[in-house]
Visitor: 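Next up is a structure, given as structure tokens.
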Amino acid sequence: MALVAARGTLLRAGVRLGTEAAACGRNGTRRSASHRVLVEPDAAAGIATIKFKNPPVNSLTLEFLTELIICLEKLENDKTFRGVILTSNSPGIFSAGLDLREMCGKNPAHYAEYWRAVQELWLKLYVSNMILVAAINGASPAGGCLMSLSCDYRVLADNPRYKVGLNETLLGIVAPFWFRDTLVNTIGHRASERALQLGLLFPPAEALQVGMVDQVVPEDQVHSTALSVITQWLAIPDHARQLTKSMMRKATTDNLIKQREADIQNFVSFISRDSIQKSLQMYIEKLKQKKS
Ligand SMILES: CCCCC/C=C\C/C=C\CC/C=C/CC(=O)SCCNC(=O)CCNC(=O)[C@H](O)C(C)(C)COP(=O)(O)OP(=O)(O)OC[C@H]1O[C@@H](n2cnc3c(N)ncnc32)[C@H](O)[C@@H]1OP(=O)(O)O
């Protein structure tokens with residue numbers, strides 16, 4: 001149902017699904033996927049690298065989300081691939097998180113469609129049967145951080161500008177319960193409480209210390225480290241690893257699934273408030289002014 005909705009969005013966006021479908025195939029050669037998602041498959045190794053390519057900052061626009069969801073679903077259904085590395089095609093920015101313009105000045109139907117796509121991406125990532133490793137080669141606030149937290153392992157490039165964290169409160173918005181749960185499952189309750197209330201963005205050493213990432217490595221070793229991690233994880237029998245992952249994570253996703261529509265309604269009414277719209281506009285303005 002969600003995939004049908006996602007395909008509808010893609011078609012409205014003018015994306016040709018024939019091209020998309022071919023792009024996530026099993027060839028061992030380097031091929032580009034859609035407009036915004038590049039897939040580099042290594043069929044022999046059973047690994048694919050997904051590279052985000054949604055300039056300028058890989059923010060999660062509805063179209064980008066939709067392409068990611070379809071790509072993940074295709075890889076999930078193709079038994080060739082047992083592991084995926086998520087990274088950015090533009091070193092410097094992993095992902096700026098949810099696209100602020102998708103949440104500003106639009107109508108309730110748009111907010112509902114957008115939020116359903118955000119939920120869908122998280123569900124696809126969090127309980128994927130594949131081994132997912134985030135090779136974080138740039139800044140990764142909010143929704144960008146959530147994507148990496150939804151993976152099985154995180155490798156962060158050692159650059160003080162590459163901060164990670166759920167900074168929603170700094171924008172005057174609130175991370176929903178499933179963002180919270182993902183963080184709590186990763187770094188524990190007390191550290192999450194502090195990080196969420198203060199909207200903390202952690203530079204690499206602190207991110208490692210608090211457990212937001214599993215490894216910090218020199219920038220030019222992020223991809224090779226992610227590859228070697230995935231190779232270690234591939235040595236574990238799939239059925240045992242997958243059942244264990246499901247045992248650890250399914251209660252968290254079930255919690256959203258059982259109240260998915262209510263969560264969408266909450267988001268729509270929250271984001272539609274005048275005060276929240278003003279906060280978001282001010283934040284966008286602040287980002288613009290930073291340049292001048
Ligand atoms: C009790 C009731 C509870 C109810 C709760 C219910 C529901 C929950 C409600 C809401 C939750 C919604 C959750 C949201 C999670 C998010 O992901 S919000 C997004 C947060 N993202 C950020 O804060 C990142 C902001 N960006 C930056 O910090 C920087 O841009 C950067 C990523 C560090 C990159 O810096 P750099 O200097 O390289 O680039 P610029 O800053 O110059 O940016 C270039 C260009 O890109 C635009 N831009 C940046 N980020 C975004 C974005 N997230 N969306 C859209 N556009 C973005 C920026 O404005 C510049 O644009 P230009 O001026 O037009 O060139």
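We number each residue from 1, following the sequence as shown. What you see below is based on every heavy atom in this structure, not just the backbone, and it leaves out hydrogens, waters and symmetry mates. Every number for a ligand or one of its atoms is a count from 1 in the order of the listing.
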Visitor: Say whether Asn167, considering both its backbone and side-chain N or O atoms, lies within less than 3.5 Å of an N or O atom on ligand 1.
Guide: yes
Visitor: Tell me the nearest of Gly144, Pro56, Pro55, Gly143 to atom 46 (O) of ligand 1, using heavy-atom distances.
Guide: Pro56
Visitor: Judged on heavy-atom distance to atom 48 (N) of ligand 1, which of Val57, Ile264, Asp99 sits nearest?
Guide: Val57
Visitor: In the protein, which heavy atom is nearest to atom 27 (C) of ligand 1, and how far is it?
Guide: Leu287 CD2, 3.8 Å
Visitor: I need the contact type for Pro141 against ligand 1. Using non-hydrogen atoms and a strict under-4.0 Å cut-off, is it side chain, backbone, both or neither?
Guide: side chain
Visitor: Can you check whether Leu98 has an N/O within less than 3.5 Å of an N/O in ligand 1?
Guide: yes
Visitor: Side-chain donor-acceptor pair under 3.5 Å between Asp263 and Trp115, yes or no?
Guide: yes
Visitor: Please tell me whether Asn255 and Lys258 have a donor and an acceptor in their side chains that are separated by less than 3.5 angstrom.
Guide: yes
Visitor: Glu168 and side-chain contact (heavy atoms from CB on, under 4.5 Å): which single residue from Leu171, Leu166, Leu170 fits?
Guide: Leu166
Visitor: Taking 4.0 Å as the limit for heavy-atom contacts, which would you say applies to Asp263 with ligand 1: side chain only, backbone only, both, or neither?
Guide: neither
Visitor: Would you tell me which option among Trp178, Phe270, Tyr283, Phe94 has the nearest heavy-atom contact to atom 3 (C) of ligand 1?
Guide: Phe270
Visitor: Would you mind finding which of Gly172, Ala175, Ala96 brings a heavy atom closest to atom 21 (N) of ligand 1?
Guide: Ala96
Visitor: For ligand 1 and Met103, I'd like to know whether there is a polar contact (N/O to N/O, distance under 3.5 Å).
Guide: no
Visitor: Does atom 1 (C) of ligand 1 have a protein heavy-atom neighbour under 4.0 Å away?
Guide: no
Visitor: Side chain, backbone, both or neither: which part of Leu100 has a heavy atom under 4.0 Å from ligand 1?
Guide: both
Visitor: Looking only at distance, does Lys288 have an N or O less than 3.5 Å from an N or O of ligand 1?
Guide: no
Visitor: Any ion pair linking Glu113 and Arg116 (charged N to carboxylate O, less than 4.0 Å)?
Guide: no
